[in-house]
Every structure is written in C-alpha cells, then in structure tokens.
Amino acid sequence: MTAITVMVLGATGLTGSKVVEGLLARDEVASVVTPVRRKTDRQHPKLVQREVNFDRLDEHADLFEVDVIVCCLGTTIRKAGSQRAFRRVDYSYPLKAAEIGLSRGTRAFVLMSAIASSSSSTVFYNRIKGELEDSISGLGYPFLSIYRPSLLLGERKEHRTAEALGMKAMPLVNRALLGPLEKYRGIEADTVARAMVNEVCGLSVTMDSDGVVRIHEYPDIVTLAD
C-alpha cells in the first residue's frame, strides 16, 4: 500500500497537535504538512512545516497537493476579538483550504466541527460551524468526514475560563448523559485525535469513493479511537 500525505490545519492547537503526533507515528503516512503562522520546535523526518499567511492561502497552493486534509482550525469569539474575526478563522480559512485542496487533487477532508452545529441555529457559534459543514459538503469531495465533539477536555496553552469550569464539572455531568444525550458528553481531545488518525490511516479503501459523508459524534468517536 502506498503511504499517504496528510495536511493538518490547526496543527498547534489542542487537538491538532495530537493529530500531528499520531500521524507521524504511523507507517501508513509518508509525510505530514502543517501550514502554521509561526514554526514550532517540533522536528521529524516526515514533518513539513511552512509559515503561511492564512489570509493569502492561494499563495501557498503547492502545499495542498496532499491526499488528505485534516482541519482542526478553531478559536473563540473572545480570542478572535469579534464575531467577524471569529467567522474568518472558523469559516473562511477552512473553506478556502478545502477549495484549494480539492483543486490540487486532495481526495479526502476531515473536519473538526462541534455538537449542535446547524446553519439554522440561533446560536452564533453553532450556526458558523453548521454553515461550514454545509459549504464543504457542497464542494463534492470524494470523502468527507465531520467530527462533532462536545466539550473538548485537555490542557490548553491558553486559559479559557468557561471551558476550564466545564472540564471540572464534566466527569459528573457525563454520568448523567445517557441514551440520546450521550452525544453531549465531554471528550478528551486525545480521544478525538486518535479517532481521526485511525480513520485517516484506514482511508485507502475509500479514497476513490463518490461523495461519501460521515458524521461522527461521541459514541462513534470513542469507537474509532479504540
């Protein structure tokens, strides 16, 4: 089997960094391409880091000649500074990357979204995530996988007060979320990353599929991770 090339967007974030680590350790992966604002100290024979301006991704189209793109880009309105800036990071950048990738021959796109995402949601965050799902679904990728985790658990580089409080309460809350509510359980970022890596490394039989779209929520993510 020919090893695949994978791009990871959001490679320095909580989940993205773990996806990169997992992919680099797999024999199925020939190289991991990470467009970043600033290079990190991480070094590996299979790692290709490139500093890019995400507002000018077209200038780096050559980077997108990969088999699979994994998108873990995301911010918060507080960190972005405004809803407009948030939309640029969580909608415009991923969509532009998906468009360039498809034009350069990328066959599969793996998207980190969020639970309750819907383009018709009255909640701004959920609506942007839903709009992105709809837009990328409409591009016609041979294979599209959408992950919809609830609260991501793990140690972040930056402090997020609301999420920190949620993480403290989540072990108790998770036990109460049963049946149809299970999908709202908080989940370790490491678990999501393992699921993504396992799915990407098993894509050889589905890369030539025609318009496959998979939606992964809590139970499915846990299964994929194992």
Side-chain angles (χ1 to χ4, degrees), residues 7-20 33-40 42 49-61 63-64 69-101 109-139 144-170 184 186-190 192-193 196 216-217:
M7 172 181 283
V8 180
L9 298 163
T12 60
L14 177 63
T15 306
S17 61
K18 296 178 184 296
V19 171
V20 171
V33 180
T34 60
V36 292
R37 293 186 184 278
R38 288 176 295 278
K39 286 186 177 180
T40 68
R42 172 177 272 162
Q49 289 194 80
R50 178 84 66 85
E51 290 186 3
V52 305
N53 181 340
F54 280 84
D55 289 312
R56 300 164 69 176
L57 284 178
D58 281 323
E59 296 180 1
H60 310 280
L63 275 183
F64 290 79
I69 294 176
V70 179
C71 182
C72 297
L73 278 173
T75 186
T76 63
I77 295 177
R78 180 177 179 180
K79 184 177 180 181
S82 67
Q83 288 188 346
R84 181 179 179 182
F86 173 86
R87 182 182 175 85
R88 184 169 68 248
V89 175
D90 276 57
Y91 177 85
S92 299
Y93 293 166
L95 179 57
K96 187 63 177 179
E99 291 171 343
I100 298 173
F109 198 94
V110 178
L111 174 66
M112 168 78 83
S113 186
I115 198 67
S117 58
S118 171
S119 56
S120 61
S121 176
T122 57
V123 178
F124 178 77
Y125 178 89
N126 294 341
R127 185 168 68 253
I128 296 303
K129 293 295 187 182
E131 289 177 359
L132 178 61
E133 289 185 15
D134 292 349
S135 295
I136 294 182
S137 295
L139 294 179
L144 171 62
S145 183
I146 298 172
Y147 283 69
R148 292 177 178 169
S150 183
L151 179 64
L152 286 170
L153 309 177
E155 189 172 342
R156 297 182 182 273
K157 294 179 182 178
E158 80 276 10
H159 182 69
R160 297 182 180 180
T161 303
E163 292 186 358
L165 294 172
M167 283 190 283
K168 288 183 179 180
M170 217 62 216
Y184 295 102
I187 189 168
E188 293 286 342
D190 185 62
V192 179
M196 287 182 163
H216 301 300
E217 295 178 344

Begin with the C-alpha distance, continue with both residues' side-chain angles, and end with the deciding distance and a verdict on side-chain contact (heavy atoms from CB on, under 4.5 Å) for Tyr93 and Cys71.
CA-CA 10 Å; Tyr93 293 166; Cys71 182; over 6 Å; no

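- To the nearest 0.5 angstrom, Phe109 atom CZ is 9.5 Å from Met7 atom CE.
- Counting only distance, with no hydrogens or angles, the side chain of Gln49 and the backbone of Thr40 share a donor-acceptor pair below 3.5 Å.
- Under the 4.5 Å side-chain criterion, counting only non-hydrogen atoms from C-beta, Phe54 is not in contact with Val89.
- Leu57 and Ala97 get closest at one heavy-atom pair: CD1-N, 4.2 Å.
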side-chain contact (heavy atoms from CB on, under 4.5 Å) assessment of Leu132 paired with Ser113
CA-CA 8 Å; Leu132 178 61; Ser113 186; over 6 Å; no

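- The two residues Ala189 and Thr15 make their nearest non-hydrogen contact at CB-OG1, 3.6 Å.
- Met196 is listed as a side-chain neighbour of Met112, based on a closest heavy-atom distance under 4.5 Å.
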Begin with the C-alpha distance, continue with both residues' side-chain angles, and end with the deciding distance and a verdict on side-chain contact (heavy atoms from CB on, under 4.5 Å) for Thr12 and Arg37.
CA-CA 10 Å; Thr12 60; Arg37 293 186 184 278; over 6 Å; no

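- In this structure, OG in Ser117 is found 11.5 Å from CD1 in Ile128, a value given to the nearest 0.5 Å.
- Look at Arg148 and Glu217 and you find a salt bridge, because one of the NZ, NE, NH1 or NH2 atoms lies within 4.0 Å of a carboxylate O, short of that distance.
- Using a 4.5 Å heavy-atom cutoff, the side chains of Leu139 and Leu95 are in contact.
- At least one side-chain heavy atom of Leu144 sits under 4.5 Å from a side-chain heavy atom of Ser137.
- Here the CG atom belonging to Asp190 is positioned 9.5 Å from the OG atom belonging to Ser17, to the nearest 0.5 angstrom.
- Counting only heavy atoms from C-beta outward, the side chains of Val192 and Lys18 never approach each other to under 4.5 Å.
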Using side-chain contact (heavy atoms from CB on, under 4.5 Å), reason through Leu152 and Ile187 one step at a time and then give a plain yes or no.
CA-CA 5 Å; Leu152 286 170; Ile187 189 168; 4.1 Å; yes

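- To the nearest 0.5 Å, atoms CG (Asn53) and CG (Asp58) are separated by 11.0 Å.
- To the nearest 0.5 Å, the span separating CD on Glu51 from OG1 on Thr34 amounts to 10.5 Å.
- Pairs passing the salt bridge (Lys or Arg N to Asp or Glu O under 4.0 Å) check and including a residue from residues 116-129, sequence neighbours excluded, read Asp90-Lys129.
- A distance of 10.0 Å separates CD1 in Ile69 from CG in Leu63, rounded to the nearest 0.5 Å.
- What you find for Val20 and Ala11 is that their closest heavy atoms are CG2-CB, 3.8 Å.
- What you find for Asp134 and Ser119 is that their closest heavy atoms are OD2-OG, 2.8 Å.
- When all heavy atoms of Ile77 and Phe124 are compared, the pair lying nearest together is CD1-CD2, 3.6 Å.
- In this structure, Ala114 and Tyr125 approach most closely via the heavy-atom pair CB-CE2, 3.8 Å.
- Side-chain contact between Asn126 and Ser118 is absent, with no heavy-atom pair separated by less than 4.5 Å.
- You'll find the side chain of Arg50 stays beyond 4.5 Å of the side chain of Pro35, heavy atoms only.
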